[in-house]
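The structure appears right after this line, and notes come after that.
Every value quoted in this text rests on a predicted model; they were computed, and no experiment measured them.
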Amino acid sequence: MSMSETETQSSPTPTMDRALLARLTGGLGDRKTLDRLCSDVGRLYVEFLPDVIHSETGLTVTVYYKGHESGLKNDLIADLGENVALSDASLRNWSPSFVLACGNAFIITLMENLLGALSGTIEQPIERPLSGIELDLSSMVFEKIGSVLRSGVNAPGGFETLLEKAHNAEDRPKPDEDHEDEYAVAIRMGIDLGEVVSEFVLIIPQKALLKTVVTIPRSKGQGGRNSEWSEHLAEQVRRSQVTLEARIRLQPLTLGTVSRLAVGDVIAFEERGDVTVDVSANGKDLYRCEFGRSGEKYTVRVKDNVTTDDDILRHLMG
């Protein structure tokens, strides 16, 4: 065997560039094509989503296209940061796996509006993860985003968009180490509610997007269902459990006395008659109560609200 033959047999087979392979197999598009398709998807939401949300909630939102980014799917998800809720989605005969994301600011503001807050009093919320009930509300928002997408793309069969449970970005599991990522686009849409500015994002594999024909459906003029989200939200509130804490004021003691307390010492309540108890949840005082006993259980009896019912709901929901 000659030296050249030996070198040929031992040389590793060269691997094709990842992006080139994706482009040759329909998984990566050119900039001009992606610009057109992403703009078409953006126009679909600009023209249709505000009507959908208004018909469900009675609220007016402004939706606008902010552009798109191309890259590997998991990198695009990571670039969204922590202040978003996400839902993994699929649409049969179109894409088996894409991701919807929505800024937490929009969900928090929508919750406040549905709970009856005056729009003029709502400010841009601080960045924080969504509570359990806010995540449930985000799932309803994702359903509407998914329904608009289904109505405008060529997905034969009339199937609905399937959504996984919504989750905070910080709770999203990391992909497996051997997971082979695919090229996708992140289509960014601004969505403003009153003075609050936010966005939602569709992260769509380019393999699906490049085969997509976007059409703008006629508005169905859906109306009269403004109570659907509010009723669903109210049901979630009724089923939610809240941990309450009760504080009783004790007789004042000097620091010297406190430092010498030992097992078995007794500290008296401050009041001599009915003992007042402050009941709170999530660090906020809710009720003033009387301390008592029923059989073998110690109890408190509500005497007065510290704050209004609406303020209590808004606090507990957040």
Side-chain angles (χ1 to χ4, degrees), residues 15-42 44-45 65-107 127-130 134-135 138-139 141-146 148-150 153 155 159 161-191 198-212 214:
T15 57
M16 184 176 292
D17 177 76
R18 183 179 193 175
L20 177 59
L21 178 61
R23 192 177 296 277
L24 292 174
T25 56
L28 179 62
D30 62 86
R31 183 172 186 83
K32 183 178 180 180
T33 302
L34 293 177
D35 285 346
R36 175 180 57 81
L37 287 168
C38 292
S39 178
D40 287 346
V41 173
L44 172 69
Y45 280 99
Y65 177 55
K66 296 178 65 177
H68 76 277
E69 287 130 27
S70 175
L72 293 173
K73 181 180 175 183
N74 286 319
D75 291 342
L76 293 173
I77 294 172
D79 289 344
L80 296 175
E82 294 292 315
N83 196 36
V84 296
L86 302 114
S87 179
D88 292 285
S90 64
L91 178 56
R92 189 171 175 181
N93 294 333
W94 185 68
S95 175
S97 178
F98 59 100
V99 177
L100 303 180
C102 186
N104 291 350
F106 176 72
I107 303 299
E127 295 187 0
R128 63 168 176 81
L130 298 183
E134 287 168 341
L135 282 173
S138 74
S139 293
V141 173
F142 288 137
E143 287 176 7
K144 304 310 170 189
I145 294 174
V148 171
L149 182 68
R150 179 194 60 79
V153 300
F159 297 100
T161 303
L162 298 180
L163 299 170
E164 299 291 335
K165 187 175 181 180
H167 56 276
N168 285 303
E170 63 183 22
D171 297 324
R172 186 173 183 82
K174 294 183 179 179
D176 297 332
E177 292 183 2
D178 59 350
H179 172 74
E180 188 170 343
D181 210 351
E182 59 186 332
Y183 284 95
V185 290
I187 303 175
R188 309 186 81 102
M189 302 296 304
I191 184 165
S198 190
E199 71 173 7
F200 64 92
V201 185
L202 298 91
I203 298 181
I204 302 172
Q206 293 191 30
K207 191 170 186 177
L209 185 65
L210 292 170
K211 299 177 182 178
T212 300
V214 181

Completion exercise
CG of Leu44 to CG of Leu149, rounded to nearest 0.5 Å, is 7.0 Å
Problem - side-chain contact (heavy atoms from CB on, under 4.5 Å) evaluation trace for Phe98 with Leu202 - result: CA-CA 8 Å; Phe98 59 100; Leu202 298 91; 5.5 Å; no
Handout entry: Which residues share a side chain to side chain contact (heavy atoms under 4.5 Å, CB included) with Ser198, sequence neighbours left out
Key = Ala105, Phe106, Ile191
Problem - Nearest-0.5 Å distance that lies between atom CG in Leu91 and atom OG in Ser97 - result: 12.0 Å
Problem - Short side-chain to backbone donor-acceptor contact, Ser87 and Glu164, under 3.5 Å - result: yes
Handout entry: Listed partners of Leu162 passing side chain to side chain contact (heavy atoms under 4.5 Å, CB included), at least two apart
Key = Ser90
Problem - Student check: side-chain heavy atoms of Ile187 and Val201 closer than 4.5 Å - result: no
Practice task
Please report the closest heavy-atom contact between Phe159 and Arg150, naming both atoms and the distance.
Solution key: O-CD, 2.7 Å
Completion exercise
For Thr212, the side-chain hydrogen bond (donor to acceptor under 3.5 Å, both in side chains) test, sequence neighbours excluded, returns Trp94
Completion exercise
Hits for salt bridge (Lys or Arg N to Asp or Glu O under 4.0 Å) against Arg188, two or more places apart or cross-chain, chain-then-number order -> Glu69, Glu199
Completion exercise
When rounded to the nearest 0.5 Å, the distance separating CG of Leu76 from NE2 of His68 is 10.5 Å
Problem - Side chain to side chain, Val99 and Lys73, heavy atoms closer than 4.5 Å - result: yes
Problem - Least distance between heavy atoms, Phe142 atom then Ala166 atom - result: CE1-CB, 3.9 Å
Problem - Atom pair CG/CD of Leu28 and Glu182 - distance to nearest 0.5 Å - result: 11.5 Å
Practice task
Can you tell me which residue pairs pass the salt bridge (charged side-chain N to carboxylate O under 4.0 Å, His left out) test with a partner in residues 90-100, sequence neighbours excluded?
Solution key: none
Practice task
List for me each residue that meets side-chain hydrogen bond (donor to acceptor under 3.5 Å, both in side chains) alongside Asn168, sequence neighbours excluded, and say none if there are none.
Solution key: none
Problem - Sequence neighbours excluded, every pair satisfying ring-ring contact (aromatic ring centres under 6.0 Å, His included) that has a member inside residues 69-89 - result: none
Fill in the blank from the handout: Correct closest heavy-atom pair for Gln206 and Ala184 would be NE2-O, 3.1 Å
Exercise for the section: Evaluate the side-chain contact (heavy atoms from CB on, under 4.5 Å) criterion for residues Leu80 and Ile203: first the C-alpha distance (whole Å), next the side-chain angles of each, then the deciding distance (0.1 Å), finally the verdict. Expected result: CA-CA 10 Å; Leu80 296 175; Ile203 298 181; 3.8 Å; yes
Problem - CD on Glu170 to CG on Leu130, rounded to 0.5 Å - result: 9.5 Å
Exercise for the section: Output all residues satisfying side chain to side chain contact (heavy atoms under 4.5 Å, CB included) with Ala169, sequence neighbours left out; order by chain, then residue number. Expected result: Glu82, Val84, Leu86
Exercise for the section: For the pair Tyr45 (side chain) and Ile145 (backbone), establish whether a donor and an acceptor sit closer than 3.5 Å, ignoring hydrogens and angles. Expected result: yes
Problem - Side chains of Ser139 and Leu163 in contact at under 4.5 Å (non-hydrogen atoms) - result: no
Fill in the blank from the handout: Residues at least two apart in sequence or cross-chain that pass side chain to side chain contact (heavy atoms under 4.5 Å, CB included) with Thr33, listed by chain then number, are Asp30, Arg36, Leu37, Leu210
Problem - salt bridge (charged side-chain N to carboxylate O under 4.0 Å, His left out) partners of residues 94-107, not counting sequence neighbours, each pair once - result: none
Fill in the blank from the handout: By side-chain hydrogen bond (donor to acceptor under 3.5 Å, both in side chains), Asn74 pairs with (sequence neighbours left out) Asp181
Practice task
Indicate yes or no: does Asp88 engage Arg172 in a salt bridge with an N to O separation below 4.0 Å.
Solution key: yes
Problem - Verdict with reasoning, Cys38 to Leu209, per side-chain contact (heavy atoms from CB on, under 4.5 Å) - result: CA-CA 8 Å; Cys38 292; Leu209 185 65; 4.0 Å; yes
Practice task
Verify side-chain contact (heavy atoms from CB on, under 4.5 Å) between Asn104 and Glu134, making sure each step is shown before the conclusion.
Solution key: CA-CA 9 Å; Asn104 291 350; Glu134 287 168 341; over 6 Å; no
